Amino acid sequence: MPQTDPFTYNTPKKMTDAELARALRLDAAAEIDAMNLYEAHIDATDNEDAKKVLAFIAKDEKEHYALFVELIRRLDPDQAEEMAAAGPKLDTILSSSSGKVPEEAVEAAAESDSAAGNVEERDLLRRSTVGSLLGQLQD
Ligand SMILES: [Fe+2]
């Protein structure tokens, strides 16, 4: 049975954070590919046991993908900035009935959101745990 050589993907040196972020994007893409593959197989079978197992594993891949994305966000400040701006930009695009929104308006929405401190608030909420939120309530 052919197996992948475990040293195939070794790099000759330790990676910088920028290089690591690039490598993690490939890892995140592999998780997306796995999700799509498992979901396609769920759609392609009537075997209920297989559907359950594939759905269970596909959910794990979604968690893996989310963890890679979060790690990339922490390693790549430019990516973090784009991720923070994506929500307001998307809201602006979706608020248009035609979907045609000038690029300047989309960028302005993201800048306005950031200036209002919404980015920092969302970032704080994303990093919060139940324990930390309870601690804040007790303060
Ligand atoms: Fe995975």
Side-chain angles (χ1 to χ4, degrees):
M1 176 175 167
Q3 293 182 328
T4 303
D5 176 353
F7 302 104
T8 296
Y9 298 109
N10 281 10
T11 58
K13 63 176 185 67
K14 298 288 185 187
M15 291 184 279
T16 64
D17 281 355
E19 292 166 334
L20 178 58
R22 192 179 316 148
L24 290 169
R25 286 189 199 99
L26 286 175
D27 294 336
E31 300 297 342
I32 291 171
D33 194 40
M35 279 181 247
N36 288 340
L37 185 64
Y38 300 147
E39 290 179 358
H41 292 169
I42 290 169
D43 292 344
T45 184
D46 290 327
N47 183 302
E48 292 302 321
D49 287 347
K51 283 179 177 274
K52 285 179 188 171
V53 172
L54 288 164
F56 178 84
I57 296 170
K59 188 170 184 336
D60 270 2
E61 305 308 350
K62 290 177 182 180
E63 179 187 13
H64 300 167
Y65 172 75
L67 290 169
F68 281 133
V69 169
E70 178 62 18
L71 189 52
I72 293 164
R73 191 184 69 79
R74 293 181 186 194
L75 290 168
D76 182 345
D78 290 339
Q79 185 72 63
E81 191 175 309
E82 290 298 332
M83 291 169 75
K89 287 180 179 179
L90 186 60
D91 290 342
T92 301
I93 294 166
L94 296 177
S95 69
S96 164
S97 58
S98 68
K100 294 179 183 175
V101 181
E103 182 67 25
E104 299 80 30
V106 174
E107 294 300 327
E111 289 171 19
S112 171
D113 189 65
S114 178
N118 295 338
V119 172
E120 290 77 15
E121 188 174 320
R122 276 197 302 275
D123 198 46
L124 178 63
L125 283 172
R126 187 172 40 240
R127 293 171 187 270
S128 296
T129 63
V130 172
S132 70
L133 292 171
L134 287 173
Q136 289 176 13
L137 288 174
Q138 293 167 347
D139 290 341

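Along the sequence shown, residues are numbered consecutively beginning with 1. In each ligand, atom 1 is the first atom listed, and ligand 1 is the first ligand listed. Note that this is a predicted model, so its numbers are computed, not measured.
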Query raised in the report: Can we say Glu48 and Lys52 salt-bridge, meaning some charged N sits less than 4.0 Å from an Asp/Glu carboxylate O?
Result: no
Requested in this report: Salt-bridge test for Arg73 and Glu81: reply yes if a basic N is under 4.0 Å from a carboxylate O, no otherwise.
Outcome: no
**Report entry** For the Fe ion (ligand 1): the N/O/S atom of His64 at shortest distance
**Finding:** ND1
Query - N/O/S atom name from Glu31 that is nearest to the position of the Fe ion (ligand 1) - result: OE1
Report task. Could you note down all residue pairs passing side-chain hydrogen bond (donor to acceptor under 3.5 Å, both in side chains) where residues 16-28 supplies at least one of them, sequence neighbours left out? Result -> Lys13-Glu19, Thr16-Glu19, Arg25-Asp76
Query - Any Val69 side-chain heavy atom under 4.5 Å of Met83 side chain - result: yes
Query raised in the report: Closest to the Fe ion (ligand 1), which N/O/S atom of Glu61 is it?
Result: OE1
